[in-house]
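Keep in mind the model is a prediction, meaning the values are calculated, not measured. Side-chain atoms are counted along with the backbone in the values below, which use heavy atoms only and exclude waters and symmetry mates. We name chains A, B, ... by the order of the sequence lines, and we start the count at 1 in each one.
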Number of protein chains: 2
Amino acid sequence: MERYGPACAAIAALLSPHAEVVLHDPDEDVVLAVWNPFSGREAGDPSLLGELDEVRPGPDGVFGPYPKVLADGRTLSSVTAMLRDPDAVLCVNLDRGPFEQAAALLAAFAAPVAPRPEPLFEHDWFDRVNEVVGSSVRLRGPVERWGKPDRLAVLSELDSSGVFAVRRAAPEVARALKVSRSTVYALLAEVRGEKP
Amino acid sequence: MERYGPACAAIAALLSPHAEVVLHDPDEDVVLAVWNPFSGREAGDPSLLGELDEVRPGPDGVFGPYPKVLADGRTLSSVTAMLRDPDAVLCVNLDRGPFEQAAALLAAFAAPVAPRPEPLFEHDWFDRVNEVVGSSVRLRGPVERWGKPDRLAVLSELDSSGVFAVRRAAPEVARALKVSRSTVYALLAEVRGEKP
DNA sequence: TCCGAGTTGGACGTAGTGTCCAGAGCGTGG
DNA sequence: CCACGCTCTGGACACTACGTCCAACTCGGA
């Protein structure tokens, strides 16, 4: 528990919220701990490791992956590892549902067309400014008619997107918002001063 | 290794072929073993765990999940767990690409009227430098051993990603590449002078 | 040993940043 | 109608960070 806890937490964190990690004590046949539980089991419950009888261990003492079905119908993929010294049984249950759905969609829709080369990255911060401002224009009307709250909202969004870490961003934002550079900094100070 | 091997194999098996599990020896700073390798590293390579310095450990001694980018452009989610007695570092790298594609499709079809509520792209240009450099380290070895061509290649990649449009990027790159700021500009001029 | 390629730290001029303020514009209430 | 408060403005300013340049240094090869 002391020893394997971090590893279990790591697995649970990596796959959250789609994986449940269960650590068993094979000697006492009880559940020691559960990370990110969704099967309803909790620490102290009986392990019921008998189901492993029907599965053959592979090399490395790993059982599975083998399928499971939860009471609510969710399908899982599970693997179990026998850990030694101290003895423990590590069981990872992965909710296969989201991936099955995604796979089905991909198979149905993505098969004929190009496999999406890679979006790469945005070095068009200039465009992003116009993009954010533009979408706000659709909500709030023309930029010239905006009030202070509108500007604050948009600036807050731009700021938390890290736009202002880019060189020449502030003047560009001022231009897009049809305000002066001074105002941008003033409003920015206001936005930042009230959050942290 | 004897002790953690089964757990590592279990994780690798569960997520195969999309996850790579690396077990490090923090004392010797070497890779002890790799399950389902796809980043090119293998047992005996230096660990280069320095990149963890920039990540905060959560509770349970787990780092991450934090993003990484491979040299070929694949995006990864990684978690790292510090294991004690015996000391070891467990690192799981999950190829996020398939999930991102699936998620994008699901989002596109499940929300037909999505007004793009949150673009929220990478505001971690700082991290991107370390990602690019880090993934190159895996291909080319430790940064101290690089020659000029290696630096040129990495700088070219960083430059075309627009990294240098960000404030304080140049000194940060210099730090990551273990060269002086002057050299960064010199090499950068070379990279830029031969392309356009 | 000398040479040249490459790197370095420092110096320096400049672009761009962030702050400040006096004043203009404007709606509101007296 | 004026006075007041609120907001934006344009310019001034100090300052940070950028990008360039150069003399000095290191290091491997002729």
Checklist outcome for this item: For nucleotides 6-17 of chain C, 5' to 3', base contacts (B), sugar-phosphate-only contacts (S) and non-contacts (-) with protein non-hydrogen atoms under 4.0 Å give SSBBBB----SB

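Note that CG of A/Leu177 is 8.0 Å distant from CG of A/Leu187, once rounded to the nearest 0.5 Å. Summarising the geometry, atom CG belonging to B/Leu14 is positioned 10.0 Å from atom SG belonging to A/Cys91; distances are rounded to the nearest 0.5 Å.
Residues forming a side chain to side chain contact (heavy atoms under 4.5 Å, CB included) with A/Ser182 (at least two apart in sequence, or on another chain): A/Ser180.
Screening residues 177-188 of chain A for salt bridge (charged side-chain N to carboxylate O under 4.0 Å, His left out), with sequence neighbours left out, gives A/Glu144-A/Lys178. Applying the side chain to side chain donor-acceptor pair (under 3.5 Å) test to pairs two or more places apart or on separate chains, those with a residue in residues 82-91 of chain B are A/Arg3-B/Asp85.
Between A/Val173 and A/Val154, the closest side-chain pair of non-hydrogen atoms is not below 4.5 Å. Between B/Phe164 and B/Leu158, some side-chain heavy-atom pair lies under the 4.5 Å cut-off. The shortest distance between side-chain heavy atoms of B/Arg192 and B/Asp159 falls below 4.5 Å.
Taking 4.0 Å as the cutoff to heavy atoms of chain B, we find the contact window on DNA chain D bounded by D/dA17 to D/dC21.
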Enumerate all atom pairs, one protein N or O and one N or O from nucleotides 22-28 of chain C, separated by less than 3.5 Å.
none

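Under a 3.5 Å cut-off, the side chain of B/Thr183 and the backbone N or O of B/Val179 do not form any donor-acceptor pair.
The heavy-atom pair separating B/Ala12 from B/Asn36 by the smallest distance is CB-CB, 4.3 Å.
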